[in-house]
Amino acid sequence: MSVLELTDYTIADLDRISAAGADAPVLPIRHDGGLVLLGPVFGGAGGGVCLRCAEDVRLAALGRSVPRRDPRLRLGGVASPALKPLLDALVTRMTADPGAYRETVVAVRTDLATAAEHRVRPRTGGCPVCGPLPDDSPETAAVRREPTPVEPGTLRGANPRTAGPAVRAALFDLRHGPVGGLFRVGDLPVASVSAEIVPEDHAQQAGFGRAEDFASAERVALFEAVERQAGMSPRRTRTTLEASYADIADHALDPVRLGLPDQESPHATPYSPDVVVRWVHGWSYTHGRPIAVPEHVAYWGAGVDRRFVDETSNGCGTGNSLTEAVLYGLFEVAERDAFLMAWYTRSPLRRLAVHDDVTLHLADRMAQLGYDLEFYDATNDLGVPSVVSLARYTGPDSLPPKAFFAAGAGLDADAAIRSAAVEVVVDVEVAAKRYRTDPGEYDRDRLRAMLAAPELIRTMEDHVNVNGLPEAAERYDFLDPTAEPVDLAVPDVPRHDLDALLEHYVRAWAELDLEVIAVDQSDPVTRDRLGLHSAKVLVPGTLPMTFGELNRRTRGVPRLRPVGPLLPHPFP
């Protein structure tokens, strides 16, 4: 085994070295200022992560200001002779077992003489050397249905690869990501953790977890980080299909069925069957066949040009199997549809009783702040138990917004209500902080202008804040806080097998003339290392969650029968 030391090199040099490979294992040693980076081992027949990918993800973790794709970017350095014994010992260890370091970089800080191992991965956009993306075609989109048993007492499948600390170990790495930061917030009524994704070609994104304890919140945040990263851009080859709908109408999803913007949107290209866009292949669970879907609909961070709609992460799910991911994406579609249906139709909803200790604790916390915490049954024809939560301000007149809303859904009544409670309570608390740091966001004159002219509403925060005005109270007067509370009804559906449960909803929604379509968004590396799958679920005919009134999409949704004009929703 040979050693390749690089003390003065460019990104172009790393590209050349990675592309050339080697007949026998090579241990590269790179110097970059106060760092010495040993590995990953490449060459021979062992596979692993190439040198260029290892450096690309490291530079990405330093921030978007680093021109990591500029072939002229020059790096280098020389370590102090005092470090020679440490470096020699590391080289001896790594050359003795090269197979153990094909996906690992050992980073030595020259100022502290400390060494740390970092597991690296191919670039998420794919690498022809070490991580070629799988094909995207009708054949590869085909889904093999099979029984998917659940863990007792849950609606999740078993997955020993995500047990205990495995998820954190596989995803969190300050130097290489894909999650580059885990941050706890300790002054909220529940444990809250954000998992910040290393930015690559997109703005900073994060997964968020809120739970009774920090360990649980961290796991949720990491899973959501996987989901968000998978949903932003394709993890399959992108050159398979570029066409207009008119060219492929016999095997493609008609964009009109998705609900196009109700009015001209600055973020969308006016739809025409002749506009050429990129397409990816999904699977119609309803009809059991592949179907082409516009790429910018399947991946909410893709397709900044020629996009018909400004898509969000609505309908994205992650699970221990593709079936599980699709099922949870389906639940989210149902939750958002139920919320918007109730709001737009001003449907009187039954008030819900609370039995869960955590939710009762959150209600007590809200009472201290002057808010009543209320829950309403928004379950509609989709048959997924859905909850609308409302924190209604009842204290003395002051600056706080008068109302906050959120939602939850699922087949566990207490968990659905708890989820809706956590979301709305955190929003109340965070708004108090934001008011201190950015009071202009709550300027009443600005918000009153949005109340009169909804087209001025552009952001998620605008949706929340304008509906928190005292003058907006009549918008939610169909929710009666004095009604006698009832228990959230949960349907008798298959619970022992996730595939059977998914099939139940696919068939039930087909009776409503609704087609369930899913695009497999799974990141190949995360799937292979952790057994986690991700999917985007599309159900044409349901109401998609949008932000910014110019992006609202209700046109062409026959299930919606609004009462009066459509008022901007308050969903956070």
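Sequential numbering from 1 along the given sequence is applied to the chain's residues.
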### Query
With a 3.5 Å cut-off and no angle check, do the side chains of Asp499 and Thr148 form a donor-acceptor pair?
no

### Gln521 side-chain N/O to Ala298 backbone N/O, donor-acceptor pair under 3.5 Å
yes

### Query
So, Glu549 side chain and Glu455 main chain: donor-acceptor pair closer than 3.5 Å or not?
no

### Message
Distance check, rounded to the nearest 0.5 Å: Thr323 atom OG1 versus Tyr285 atom OH?
### Response
5.5 Å

### Query
If you take all heavy atoms of Arg495 and Leu411, which pair is closest and at what distance?
NH2-O, 3.2 Å

### Query
Within a strict 4.5 Å, meaning less than it, do heavy atoms of the Val297 and Leu253 side chains meet?
no

### Message
Do Ser244 and Asp274 pair up side chain to side chain, a donor and an acceptor below 3.5 Å, judged on atom types alone?
### Response
no

### Query
In Å and rounded to the nearest 0.5 Å, what is the CD to CG distance from Glu423 to Leu362?
11.0 Å

### Any donor-acceptor pair under 3.5 Å from Asp462 side chain to Arg458 backbone
yes

### Student check: side-chain heavy atoms of Thr140 and His281 closer than 4.5 Å
no

### Minimum heavy-atom distance between Leu155 and Leu498, given as atom pair plus value
O-CD2, 3.6 Å

### Query
Do Phe547 and His569 have side-chain heavy atoms sitting under 4.5 Å apart?
yes

### Task
Take Leu222 and Arg168 through the side-chain contact (heavy atoms from CB on, under 4.5 Å) test and state the conclusion after the steps.
CA-CA 7 Å; Leu222 289 167; Arg168 178 188 174 103; 4.1 Å; yes

### Task
Answer yes or no: is there a side-chain heavy-atom contact under 4.5 Å between Tyr376 and Pro348?
no

### Summary
Nearest heavy-atom approach of Tyr476 to Asn467 is CE2-O, 3.9 Å

### Query
Are any of the side-chain heavy atoms of Leu550 and Glu264 separated by less than 4.5 Å?
no

#### Entry: Euclidean distance, Leu479 CG relative to Arg350 CZ, rounded to 0.5 Å
14.0 Å

### Query
Within a reach of under 6.0 Å around CG of Asp492, are more than 12 heavy atoms found that belong to other residues, nucleotides or ligands?
no

### Derivation of the ring pair (Phe, Tyr, Trp, His ring centres under 6.0 Å) call for Trp343 and Phe571
CA-CA 10 Å; Trp343 183 263; Phe571 194 87; over 10 Å; no

### Message
So Tyr505 and Val516, do their side chains get closer than 4.5 Å, heavy atoms only?
### Response
no

### Query
His296 and Phe308: aromatic ring centres closer than 6.0 Å?
yes

### Test item: Pro178 and Arg121 side chains (from C-beta on) under 4.5 Å apart, heavy atoms
yes

#### Entry: Side-chain H-bond candidate by donor/acceptor type, Thr345 with Ser347, under 3.5 Å
yes

### Query
So, Arg553 and Glu311, do they make that salt bridge, N to O below 4.0 Å?
yes

### Task
Would you indicate whether the side-chain heavy atoms of Val525 and Pro122 approach each other to under 4.5 Å?
yes

### Pro138 to Pro290 - nearest heavy-atom pair and separation
O-CG, 3.3 Å

### Query
So, Asn159 side chain and Leu530 main chain: donor-acceptor pair closer than 3.5 Å or not?
yes

### Query
CD of Glu295 to CG of Leu241: how many Å apart, nearest 0.5 Å?
10.5 Å

### Query
So, the side chain of Arg235 versus the backbone of Ser233: is there a donor-acceptor pair under 3.5 Å, distance only?
yes

#### Entry: Polar side-chain atom of Arg307 near backbone of Ala302 as donor-acceptor pair, under 3.5 Å
yes

### Task
Mark yes when over 12 heavy atoms from residues, nucleotides or ligands other than Asp528 sit less than 6.0 Å from its CG; otherwise mark no.
yes

### Message
To the nearest 0.5 Å, what is the distance between CZ on Arg346 and CZ on Arg475?
### Response
10.0 Å

### Message
Just by distance, no angles: are the side chains of Ser522 and Asp520 close enough, under 3.5 Å, to form a donor-acceptor pair?
### Response
yes

### Query
Rounded to the nearest 0.5 Å, how far apart are CG of Leu182 and CD of Glu196?
9.0 Å

### Query
Backbone N or O of Thr318 within a donor-acceptor pair of the Glu324 side chain at under 3.5 Å?
no

### Distance under 6.0 Å and angle within 45° of ring axis: Arg156 vs Tyr328
yes

### Task
Write down the atom of Ala211, the atom of Val190, and the distance for their closest heavy-atom approach.
O-CB, 3.5 Å

### Query
Would you say the side-chain atoms of His463 pair up with the backbone N or O of Gly548, donor to acceptor, closer than 3.5 Å?
yes

### Message
If the threshold is 4.0 Å, N to carboxylate O, is there a salt bridge linking Glu511 and Arg507?
### Response
no

#### Entry: Shortest non-hydrogen contact between Gly157 and Asn320, atoms and distance
O-ND2, 3.0 Å

